[in-house]
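Structure record follows, encoded as structure tokens.
Bear in mind that the values here come from a model prediction, so they are computed numbers and not experimental data. To find a chain, count down the sequence lines: A is the first, B the second, and so on, and within it residues start at 1.
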Amino acid sequence: MSDRRVRVRFAPSPTGPLHMGGVRTALFNYLFARKHGGDFLLRIEDTDQTRYVPGAEEYIVESLRWCGLVPDEGPGFGGAYGPYRQSERKDIYAGYARQLVASGWAYTSFDTPAELDAYRAEAEAAGRTFSYGPATRMGLRNSLSLPASEVQRLTGAGEPYAIRFKMPEDLDVTEEDLIRGSVTFNTRELDDKVLFKSDGMPTYHLANVVDDHLMEISHVIRGEEWLPSLPLHILLYRAFGWEETRPRFSHLPLILKPQGKGKLSKRDGDKMGFPVFPLLWKDPETGEHYRGYREDGYFPEAFLNLLALLGWNPGTDQEIFTLAEMATSFSLERVVKSGSRFDPEKARWFNRQYLQKKSAQELARLVVPILYAKNITVTLATVVAVVEEIKERCDFVGDFWEQGRYFFEAPAEYDEKAVSKRWKPGIPAAVEEITGLFSTATVWEAAPLKEEFSAFMNEKGYHFGDVMNALRICLVGGNVGPDLFRICELLGKAETLARLSTALRKLGPGH
RNA sequence: GGUCGGUUCAUCUAAGGGUUAGGAUUCAAGAUUUUCAUUCUUGCCAUAGGGGUUCGAAUCCCCUACCGACUGCCA
């Protein structure tokens, strides 16, 4: 087992969009596979026909691709252990379920869902919980309680039945979880889980064990919500006689919502202003839209990076990692056990780190489409120059417009606060003089402009700050932005002069 | 309710019996930027509570509290 090839799987159910917690699970599986030179597979767990959501599987695949977590095997990815969609493996599960019935590890049950619902309601009314298990199974309609002839008759009559696991009555099941250490369960508390449904499909429990075995999965890395069914899965491997080769288990902590209680859920994003899904998702039933990290302007590397640090750390102070670096530093031992609260502020910080590392060239290519959408056509070189100036004030590509729109369009209005603070008596006259000075400039570049300006200011004895801030208001509309003379240079002489004179006209005399 | 898991600054986390309990984010202050943002510096802020064990506990044990997951012919 120890020298076995590492093979891990990400096994989502296509019942909706992939949650960021799911992406993290995929990431940790991916990192583990890369770290150990193993295989990362994608398996679609679509055994519940009633919960099929159109587009969900495509969404999952597209999300993984966007993140760069490309499976080595999976539906559409090839691999020697396929098919990788459980609905396409339908035929193989029944035999395994029957094998368990034959060996006495399982039995057939004829109770209908309606009957079971009634038992549950009844128990609940009496303040107890109904459990289909050792204590109750003999009083229910199954191949254990019914005479063999009756069982024969029912099956012969085509009565639908499910196959349930026959949970041992009082057995301690202990497993060494790679993240949590030793965990022990007593089967007393467990029930006879359905393994094979009356609709001919296996449940998750049967399918995941059979498939993990058949696909030679060496390590199961999944969410904490699976911990309670771990003893069942362990027992299934035992029942099949697969204990020697069965995978090792690790259960990842949950991602909690930023404020309040509970795990992060799909509504939290809209309420708190951040995405919980990797990609934009349009709910095909309700038509509702859920924002995505991609559409919100996050870089996939940043998204992955922030996800990785949510529940894992390398034990050093390093926080920024490439995927490859994460893979080399990754280990399950360094995954924390407790749930982590997601912090949108830190997420923003991560994206900023990645944005700052990108060149102006790279960023400009992302900004051009934004400008284009606003019917602004400029050369790439101009965009590069602008990006260069304002990049450090941006966290997201989308910030470039807010931070730099004045490079592409004259201010439609002037910031009131700035005007009342800076547009004082005497200032307009000085601005007019500067306009005159600039109109005679021969070399329209930041450095010489600044020199001429400074010389003029000294000669006149004007206050630098006052005049510069006033000029800034005229050119950008407020007291923001990079170096004033760089702005002049990028705007060009004609545009600069035009903005100065419109401002003079619109703002009127100082007050 | 039961079972299982968890609990270090507001948040993500480090410290696997011996540190002034460290870093990051947020926040605040100062510097720089004749603007704003950035950047830099500094600061604020934590071992859930109670018992043990030990010369010594954030670390090991027990109890309590709180939080979470699960408790379906869902995954």
Side-chain angles (χ1 to χ4, degrees), chain A residues 11-16 45-48 50-51 86 109 111-113 116-117 120 124 127-132 160-164 177 179-180 183-186 188-191 193-205 207-208 222-231 251 253-254 256 258-259 261-263 306 309-320 333-334 336-350 352 356 390-394 399 403 415 418 421-422 457 463-473 476 478-484:
Chain A
S13 166
T15 52
E45 310 240 330
D46 55 351
T47 52
D48 186 355
T50 64
R51 293 215 300 160
Q86 287 183 330
S109 143
D111 315 272
T112 65
L116 295 173
D117 283 347
R120 273 189 201 97
E124 198 177 334
R128 312 199 301 128
T129 26
F130 171 77
S131 169
Y132 202 126
Y161 63 87
I163 296 178
R164 285 182 181 268
D177 183 288
I179 292 172
R180 282 151 209 282
V183 247
T184 302
F185 302 83
N186 189 288
R188 224 179 356 237
E189 319 293 343
L190 274 24
D191 60 349
K193 279 272 179 295
V194 169
L195 299 178
F196 198 81
K197 298 181 272 187
S198 57
D199 67 359
M201 285 293 243
T203 60
Y204 170 81
H205 303 296
N208 108 85
R222 67 207 332 185
E224 185 183 310
E225 65 270 25
W226 294 111
L227 202 45
S229 45
L230 177 60
H251 293 87
L254 266 18
L256 277 12
Q259 286 125 23
K261 295 178 172 189
K263 62 174 178 180
L306 73 92
L309 271 292
L310 222 46
W312 171 81
N313 75 81
T316 68
D317 283 346
Q318 184 177 359
E319 292 200 279
I320 303 299
E333 293 72 37
R334 292 210 66 95
V336 300
K337 300 180 185 68
S338 51
S340 339
R341 224 174 251 277
F342 173 66
D343 181 2
E345 285 301 329
K346 186 110 191 211
R348 157 181 290 271
W349 177 84
F350 271 110
R352 155 169 262 281
Q356 297 308 324
I390 60 173
K391 121 180 200 196
E392 65 184 17
R393 10 181 41 102
C394 297
D399 292 343
Q403 293 297 329
D415 180 64
K421 187 177 170 194
R422 304 287 189 182
M457 292 293 288
H463 187 271
F464 272 67
D466 289 350
V467 179
M468 275 179 78
N469 281 304
L471 287 174
R472 186 178 287 281
I473 290 170
V476 316
N479 277 322
V480 294
D483 181 71
L484 186 63

Strand partner of [N], provided both Watson-Crick or wobble distances fall under 3.5 Å:
N	result
U47(B)	none
A57(B)	none
A28(B)	U42(B)
U20(B)	none
U35(B)	none
U3(B)	A69(B)
A15(B)	none

Write down the distance between [atom1] ([X]) and [atom2] ([N]), rounded to a whole number of angstrom.
X	N	atom1	atom2	result
L254(A)	C67(B)	CG	P	16 Å
E392(A)	U33(B)	CD	P	14 Å
R352(A)	U25(B)	CZ	P	11 Å
L484(A)	A37(B)	CG	C1'	15 Å
L227(A)	C67(B)	CG	P	20 Å
H251(A)	G68(B)	NE2	C1'	15 Å
I179(A)	C4(B)	CD1	C1'	16 Å
D317(A)	U25(B)	CG	C1'	14 Å

Looking only at side-chain atoms of V183(A), point me to the closest of G2(B), A37(B), C4(B).
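Nucleotide nearest to V183(A)'s side chain: C4(B).
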Same-atom distance ([atom1]) from [N] to [M], integer angstrom:
N	M	atom1	answer
U13(B)	U7(B)	C1'	14 Å
G50(B)	C66(B)	C1'	15 Å
G49(B)	C67(B)	C1'	15 Å
A28(B)	G22(B)	P	23 Å
A10(B)	C63(B)	P	28 Å
A69(B)	C62(B)	P	25 Å
U26(B)	A46(B)	C1'	15 Å
C45(B)	U38(B)	C1'	25 Å

5' precedence on RNA chain B between R422(A) and A347(A) (nearest-nucleotide basis)
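Checking each residue's closest nucleotide, the 5'-ward one belongs to A347(A).
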[X] vs [Y] side-chain heavy atoms within contact, under 4.5 Å:
X	Y	answer
L254(A)	L256(A)	yes
K197(A)	T203(A)	yes
P202(A)	F196(A)	yes
P231(A)	L190(A)	yes
L306(A)	W349(A)	no
V194(A)	Y132(A)	no
T15(A)	D48(A)	no

Is it the case that more than 12 heavy atoms not belonging to Q356(A) sit under 6.0 Å from its CD atom?
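More than 12 heavy atoms, drawn from other residues, nucleotides or ligands, come within 6.0 Å of this atom.
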Would you find more than 12 non-hydrogen atoms of other residues, nucleotides or ligands less than 6.0 Å from Y204(A) atom OH?
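Atom OH in Y204(A) is packed in, count exceeds 12.
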To the nearest 0.5 Å, how far apart are OG in S229(A) and CZ in F185(A)?
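Nearest 0.5 Å value for the OG-CZ distance: 8.5 Å.
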Run the salt-bridge test on K346(A) and D343(A) with the 4.0 Å N-O cut-off and return the result as yes or no.
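Salt bridge: no.
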With the threshold set at 4.0 Å, does a side-chain nitrogen-carboxylate oxygen contact exist between K263(A) and E224(A)?
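Salt bridge flag = no for E224(A) with K263(A).
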Which protein N or O atoms sit under 3.5 Å from an N or O of nucleotides 40-48 of chain B?
none

So what does R222(A) hit on the nucleic acid, given a heavy-atom distance under 4.0 Å: a base, only sugar-phosphate, or nothing?
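Touches nothing.
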Touch check for E189(A), heavy atoms < 4.0 angstrom, all strands: base, sugar-phosphate only, or nothing?
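Sugar-phosphate contact only.
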What are the two closest heavy atoms between K193(A) and D191(A), and how far apart are they?
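It is NZ-OD1, 2.8 Å.
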Quick check: closest heavy atoms across L310(A) and R341(A), and the distance to 0.1 Å?
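Nearest heavy atoms, L310(A) then R341(A): CD1-O, 4.1 Å.
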Its contact letters, B for base, S for sugar-phosphate only and - for none at protein heavy atoms under 4.0 Å, make nucleotides 6-14 of chain B read SS---SSSS
Look for any protein N or O under 3.5 Å of an N or O in nucleotides 72-75 of chain B and output each such pair with its distance, or none.
from	atom 1	to	atom 2	distance (Å)
C73(B)	OP2	R164(A)	NH2	3.0
C73(B)	O2	S198(A)	N	2.6
C73(B)	O2	S198(A)	OG	2.8
C73(B)	N3	S198(A)	OG	3.1
C73(B)	N4	D111(A)	O	2.4
C74(B)	OP2	K197(A)	NZ	3.2
C74(B)	O2'	D48(A)	OD2	2.9
C74(B)	O2'	R51(A)	NE	3.2
C74(B)	O2'	R51(A)	NH2	3.3
C74(B)	O2	R51(A)	NH2	3.1
A75(B)	OP1	T47(A)	OG1	2.7
A75(B)	OP1	K197(A)	NZ	3.0
A75(B)	OP2	Y204(A)	N	3.1

